[in-house]
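Data block below; observations after.
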Amino acid sequence: MAGVYQIGSLQLDSNLLLAPIAGYCDLAFRLVVRRVTGYGGHGSVGLTCTDLLCPHAILRETDKTLWLAATSDDDQPLCMQLYGRQTDVLVEAARWAQQHGAKVIDLNMGCPVDKVTKKNGGSKLLTEPDLAVTIIRELVRAVRVPVTAKIRLGWCDGTIITQTLPPQLADAGVAAITVHGRTAEQKFRGQVNLPGVAQVVEAVKRHHPQVKVHGNGDVKSPQDAKRMIDATGCDGVMIGRGALGQPWLFRDTAYYLATGQLPPPYPQAERINCVLAHLDNLAHFRGQRIALNAIRQRISWYSPHLQPWPGLKRDVHAMPSVGEVRDYLLRQRDEQLQTV
Ligand SMILES: Cc1cc2nc3c(=O)[nH]c(=O)nc-3n(C[C@H](O)[C@H](O)[C@H](O)COP(=O)(O)O)c2cc1C
């Protein structure tokens with residue numbers, strides 16, 4: 001049976017979370033992740049998240065942000081992630097998010113991208129702990145749903161915050177903290193620093209054992225997830241890039257964490273069904289042109305996780321319409337079904 005996992009008052013089916021990845025983990029993809037159910041009753045993904053959302057754009061309800069914040073009944077429970085540094089605007093945006101389907105509100109304190117940090121948002125907040133704590137406290141006051149924070153180990157090696165800011169965020173009322181085990185300056189270079197993640201766990205749990213800590217970074221397999229938990233003592237694991245080509249990774253990982261064994265490989269025909277569902281979702285939500293461009297890009301992520309399929313990427317890139325890509329995938333899927 002799936003171990004029920006709790007963030008604040010919210011019950012989740014597992015302690016595995018899909019990371020926000022701007023431009024990737026949109027509604028079209030989240031629904032693909034959600035369609036892969038657990039194996040042997042051991043759960044799959046527990047929580048998914050939107051891309052980082054600009055609170056000003058939310059309050060103006062721009063078309064782009066409405067798409068980024070779009071959700072549906074099948075996309076739940078969903079976390080909506082906000083970034084910025086203006087407490088009043090963030091509070092209003094959090095209320096909007098709660099009204100529009102967010103079951104968790106997350107504050108981004110990890111984004112190292114210039115566009116975000118130049119406005120002193122994202123990982124720049126790690127250098128302004130008082131402001132970060134104030135924002136969290138006001139968000140917690142403003143909404144009923146749990147408020148969480150996504151952080152890094154610090155801005156740079158000289159300003160590590162693993163033992164200082166996380167317990168302050170817990171004092172301010174966060175229900176969970178996800179820590180990407182790198183500094184902002186590192187961006188995505190080098191390897192994830194598991195002792196750094198362990199320091200956050202230790203610092204938070206000392207006075208706030210109920211606050212969940214999620215380890216994040218470089219988890220690409222069920223074994224990586226177990227290593228993250230074993231090495232850091234974290235409660236759950238957030239997976240980003242590792243899931244882009246294998247949305248069934250949550251199913252495999254939940255089973256592995258529960259039993260110590262890998263489940264039977266997710267069948268090839270089902271893998272192709274995931275790509276088909278992704279294509280259909282993209283076409284449904286974004287239209288044919290965007291769907292075709294997106295699937296051409298996303299097929300490179302899926303390709304290493306499909307059985308050897310000579311010409312897959314070349315063929316998909318050469319096809320002029322969603323309909324042709326769809327027929328091509330369906331033919332392969334049906335061939336697979338006949339061989340099993
Ligand atoms: C292209 C890209 C976009 C990202 N967008 C976000 C984002 O919107 N919000 C956020 O908190 N983290 C974002 N991240 C960071 C991921 O959530 C995650 O922390 C990081 O990729 C490490 O986890 P992974 O190794 O499992 O991918 C992004 C990462 C990448 C590569």
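All ligand and atom numbering here is 1-based and tracks the order in the structure. Just so you know, these numbers come straight off a predicted model, no measurement behind them. Below, all heavy atoms of this structure are taken into account, side chains as well, without hydrogens, waters or symmetry copies. Index from 1, following the sequence.
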Considering both backbone and side-chain atoms of Arg182, is one of its nitrogen or oxygen atoms within less than 3.5 Å of a nitrogen or oxygen in ligand 1? no

Does Lys220, backbone or side chain, put an N or O under 3.5 Å from an N or O of ligand 1? no

Is ligand 1 less than 4.0 angstrom away from at least one heavy atom of Gly217? yes

Heavy-atom contact check, 4.0 Å cutoff: does Tyr83 meet ligand 1? no

Counting heavy atoms not belonging to Lys226, are there more than 12 under 6.0 Å from its NZ? no

For Asp63, does the CG atom have more than 12 heavy-atom neighbours from other residues, nucleotides or ligands under 6.0 Å away? no

Looking at [atom], what's its closest protein heavy atom, distance included?
{"atom": "atom 12 (N) of ligand 1", "answer": "Lys150 NZ, 3.0 Å"}
{"atom": "atom 20 (C) of ligand 1", "answer": "Phe188 CE2, 3.6 Å"}
{"atom": "atom 5 (N) of ligand 1", "answer": "Ala22 N, 2.9 Å"}

Do [Y] and [X] meet the salt-bridge criterion of a basic N to acidic O distance under 4.0 Å?
{"X": "Asp334", "Y": "Arg331", "result": "no"}
{"X": "Lys124", "Y": "Glu128", "result": "no"}
{"X": "Arg34", "Y": "Asp74", "result": "no"}

Run down the list [options] and name the one with the heavy atom closest to [atom].
{"atom": "atom 28 (C) of ligand 1", "options": "Gly240, Pro20, Cys111", "value": "Pro20"}
{"atom": "atom 9 (N) of ligand 1", "options": "Met109, Gln81, His180, Met238", "value": "Gln81"}
{"atom": "atom 18 (C) of ligand 1", "options": "Leu18, Asn216, Leu107", "value": "Asn216"}
{"atom": "atom 8 (O) of ligand 1", "options": "Leu68, Val113, Ile21, Leu52", "value": "Leu52"}

Cluster check Ile151, Leu90: I/L/V/M/F/W/Y, side chain < 4.5 angstrom: yes

Side chains of Gln168 and Arg137 in contact at under 4.5 Å (non-hydrogen atoms): no

Student check: side-chain heavy atoms of Asp235 and Asn15 closer than 4.5 Å: no

Short list, please: which atoms of ligand 1 are under 4.0 Å from a heavy atom of Ala19? 17 (O)

Asn108 heavy atoms within 4.0 Å reach ligand 1 at atoms 9 (N), 10 (C), 11 (O)

Intermediate values then yes/no, salt bridge (charged side-chain N to carboxylate O under 4.0 Å, His left out), Asp218 and Arg182: CA-CA 10 Å; Asp218 299 351; Arg182 289 185 173 86; 2.8 Å; yes

